[in-house]
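Just so it is clear: chains get the letters A, B, ... in the order the sequence lines come, proteins before strands, and each one is counted from 1.
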There are 4 protein chains.
Amino acid sequence: MFTDDQKLTEKQKGILAAATELFAEKGYAATSTSEIAKKAGVAEGTIFRHYKTKKELLLSVVSPVMVKVLAPIIKRDLNKVLDQEFETYQEFIRAMIENRIEFVQSNLPLIRILIQELPFHSDLKEQFIEHIGKEVLGRFRQIVKHYQAKGQIIDMHPDTIIRMTGASILSYIVPRYVLIPEANWNDEEEIDRIIHILSTGIATG
Amino acid sequence: MFTDDQKLTEKQKGILAAATELFAEKGYAATSTSEIAKKAGVAEGTIFRHYKTKKELLLSVVSPVMVKVLAPIIKRDLNKVLDQEFETYQEFIRAMIENRIEFVQSNLPLIRILIQELPFHSDLKEQFIEHIGKEVLGRFRQIVKHYQAKGQIIDMHPDTIIRMTGASILSYIVPRYVLIPEANWNDEEEIDRIIHILSTGIATG
Amino acid sequence: MFTDDQKLTEKQKGILAAATELFAEKGYAATSTSEIAKKAGVAEGTIFRHYKTKKELLLSVVSPVMVKVLAPIIKRDLNKVLDQEFETYQEFIRAMIENRIEFVQSNLPLIRILIQELPFHSDLKEQFIEHIGKEVLGRFRQIVKHYQAKGQIIDMHPDTIIRMTGASILSYIVPRYVLIPEANWNDEEEIDRIIHILSTGIATG
Amino acid sequence: MFTDDQKLTEKQKGILAAATELFAEKGYAATSTSEIAKKAGVAEGTIFRHYKTKKELLLSVVSPVMVKVLAPIIKRDLNKVLDQEFETYQEFIRAMIENRIEFVQSNLPLIRILIQELPFHSDLKEQFIEHIGKEVLGRFRQIVKHYQAKGQIIDMHPDTIIRMTGASILSYIVPRYVLIPEANWNDEEEIDRIIHILSTGIATG
DNA sequence: CATGAATGAGGCTTCATTCAT
DNA sequence: GATGAATGAAGCCTCATTCAT
């Protein structure tokens, strides 16, 4: 996760890796800095040389997700859409899922931590809303309107469309990577199904 | 929340209410028993007279959700369906949402705690999977198959149908009650939209 | 020192006594709460049940001095002066020294702590200035002016008189109780000498 | 303070200056070596290259006071007195105050540290008593006896005279430079007053 | 010589839990 | 049954000191 970040020393990478694993497993509040130190193979004091407080360590663990996972969604994919690279909304969604899925998978612990801790840290929450709630949502609204204007998706409040799209994706991601990753998953087929239902619904004829 | 439970003394109700509020706000690990005692207006020792450990207090707070919220879903609604009370899957879903939504709303703190703490307590997790994961899922599979047999919903793996249905519901519940409850929500209309999309999809024509 | 304070539990008295001794011996910053606990024969946590922070413990140790030592100086003696109980300034000074000297002696550790820590704690300093710098000094000015008006002491700025008087007293107190208490001291005689020099100076003829 | 000491490197001077300032402001025990390093603009390790321990740094800061401030008092002034340069004890005192006062002023932080830390470091205390307590006191006794023999000051135990003289000086120095340096001080006049009182007392007629 | 990352002991403080009243 | 003082382990963090670079 942090292995390719060249600005970090070996010790720092170890600390971040240990913290990530423990925060994901036990939660931030229930993880002690001494545990992190032991797992990282450093002295406890070393943690505090690099991160002034335990909270700062949490932010250092979690903020890359915001930057690395979410920023690309905004910048790359949105431009592709407006550059007409995707004929349909469905293609756009499929590309987004496929493109990001591996990334999400390898950063899953970070994302889990982010989601789990979000309700308890108002600063994290604000940072998140600032980055995601406003920017990402805004861009997605544009995209939805773009395809509505093209007559490809129904004329409904964009937020509802977005929520349903997001929920559909999560209906695959969460069981696939969080709840029962050990099951046999045929990724391509599952994505097909989701997009199919999202497009034409579950009702017959 | 606990006011109508007649087996509990006044003190116990106060403790449970205080614990619920604090666990929901700060998380289990970050809430101290002394805070709970202060908020409940009892002495610290009193908590431990009723609940052997802090963990047991968490279980006492959280287990009613499993019993009161989830068990009825299974038992009542399933029977209704199988008793043919609902002509269509959509009607079933709508009834389920409407029936439960107020209940969910007033028990939201408990549900938040359950969801937030689930990943960190393997005993809770097992209990949940045992009671909900298996039983509820099993019953829902029956329901889906029931409507598929009636030819009302498409012939797709029931789990995918269930996941999409659940996700659709959450796409409304989560923003409505957790993320931005302060927005103006027109419940009936939103539920209509969700069921509409779930039925016929977002694609035009 | 704290044995006669009836509002304090035995443990609290022990903690205050231990803290006093150690603060006096090693200074506030160099004394650890674990040392205090050990010396007081209590668990470290017990200290923090009675005093929220180490700083509050310092204040609890030191503030009685302000109240018990200095307040009486102001209230009792000043009134005596104005009630004409003392014919001369010298008699007033002598009474003040003799009256207070035993008290000072038994509270010496507290006074040492107060003086030693005063420069490092701006809150203590402010509190001290508020209680002493203003009130005590103001009252002493009145006293000096009182005896100047009676024509008993020379017409010089009261502050200089006060400083010289205080310095004279300290020139006995400090060596007597702080620097070399082990020497043979004839208290009455020494006080006589000081008052003599203060009255008529060291010059001959 | 240390700028003119040619045996010290620039870094050492910086360290000593920073240490002096911080020790005076917060006390020895409450000052961290990292603070000193930061204020001196050097790395933490550099401090320990020059001073084996923090304690040695304190001694290096404080010992010049003993050597530079107190030794001269003894050697120079005593000789002057015994060489009959001063007609009266009063003139001697005046010369001593005026001569030293600027020096004291510019070395005030060092003197503050010395006084504040003396009670807590038995080695410092012993060193002080050995060098000052005995030597200085002994020489002063000679001086007092010298003027007593000349019939200029009253026949009282020299130690009492010395203590009163010292106290008188401090009654000016301490308020002037430590307690309220911001007030308007007329140095010459104040010194006059002190010597006047010391000579003829505060009593009228 | 100077650096600053690393250390681990120890600092202050909080916590869940116990128990005499 | 209820209390809250007492506990001591553990938590987060700071510190003086060392050492490879």
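Between the P atom of F:dT18 and the OH atom of D:Tyr51 lies a distance of 17 Å, rounded to the nearest Å. The nearest whole Å value for the distance from the CG atom in A:Leu57 to the C1' atom in F:dC13 is 13 Å. Rounded to an integer number of Å, the gap from NZ of B:Lys38 to C1' of E:dC15 is 14 Å. Atoms CZ (B:Phe48) and P (F:dA6) sit 18 Å apart, rounded to a whole Å. Residue B:Glu56 contributes atom CD, which lies 13 Å from atom C1' of E:dT17 at whole-angstrom precision. For the pair B:Lys13 NZ and F:dG1 P, the interatomic distance rounds to 17 Å; values are reported in whole Å. Taking atom CD1 of residue C:Ile36 and atom P of nucleotide E:dT13, one finds them 10 Å apart after rounding to whole Å. Straight-line distance from the CD atom of A:Gln12 to the C1' atom of E:dA6: 13 Å, rounded to whole Å.
Of the charged side-chain nitrogens involved, at least one lies within less than 4.0 Å of a carboxylate oxygen, so that C:Lys13 and C:Glu10 count as a salt-bridged pair. Look at B:Lys38 and B:Glu44 and you find no salt bridge, because none of the NZ, NE, NH1 or NH2 atoms lies under 4.0 Å from a carboxylate O.
Using a 4.5 Å heavy-atom threshold, the side chains of B:Phe48 and B:Thr33 count as touching.
You'll find that the side chain of C:Val42 is closest to F:dT7, out of F:dT7, F:dC12, F:dT17.
Residue order along DNA chain E, read from the 5' end via each residue's closest nucleotide, puts A:Gly41 first among A:Gly41 and C:Lys55. Between A:Thr46 and D:Glu44, the residue anchored nearer the 5' end of DNA chain E, judged by the nucleotide with its closest heavy atom, is D:Glu44. Comparing D:Thr53 and B:Ala43 by the nucleotide of DNA chain F that holds the closest heavy atom to each, the one mapping nearer the 5' end is B:Ala43. Where B:Ile47 and C:Gly45 each meet DNA chain F at their nearest nucleotide, the meeting point lying more 5' is that of B:Ile47.
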- Test side chain to side chain contact (heavy atoms under 4.5 Å, CB included) applied to B:Phe23 and B:Glu117, step by step: CA-CA 9 Å; B:Phe23 287 164; B:Glu117 298 302 331; 5.9 Å; no

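The side chain of A:Ser32 contributes no N or O atom lying less than 4.0 Å from OP1 or OP2 of F:dA10. B:Ser34 has no side-chain polar atom (N or O) that falls below the 4.0 Å cut-off from OP1 or OP2 of E:dA16. Dashed line: the shortest gap from a side-chain N or O of A:Arg49 to OP1 or OP2 of E:dA5 is under 4.0 Å. Distances shown here put a side-chain N or O of B:Lys11 below 4.0 Å from the OP1 or OP2 atom of F:dT3. Side-chain N/O atoms of A:His50 include one lying less than 4.0 angstrom from OP1 or OP2 on E:dA6.
Counted within 6.0 Å of NZ on B:Lys52, heavy atoms from surrounding residues, nucleotides or ligands total 12 or fewer; the atom is thus considered open.
E:dT21 and F:dA2 make up a base pair, with Watson-Crick or G-U wobble contacts both under 3.5 Å. If you check E:dG10 for Watson-Crick or wobble pairing at under 3.5 angstrom, you find it paired to F:dC13.
Taking the ring axis of C:Phe120 as reference, the NZ or CZ atom of C:Lys125 does not stay both within 45° of it and closer than 6.0 Å to the ring centre.
Across all strands, C:Thr33 comes closer than 4.0 Å to base atoms (heavy-atom distances).
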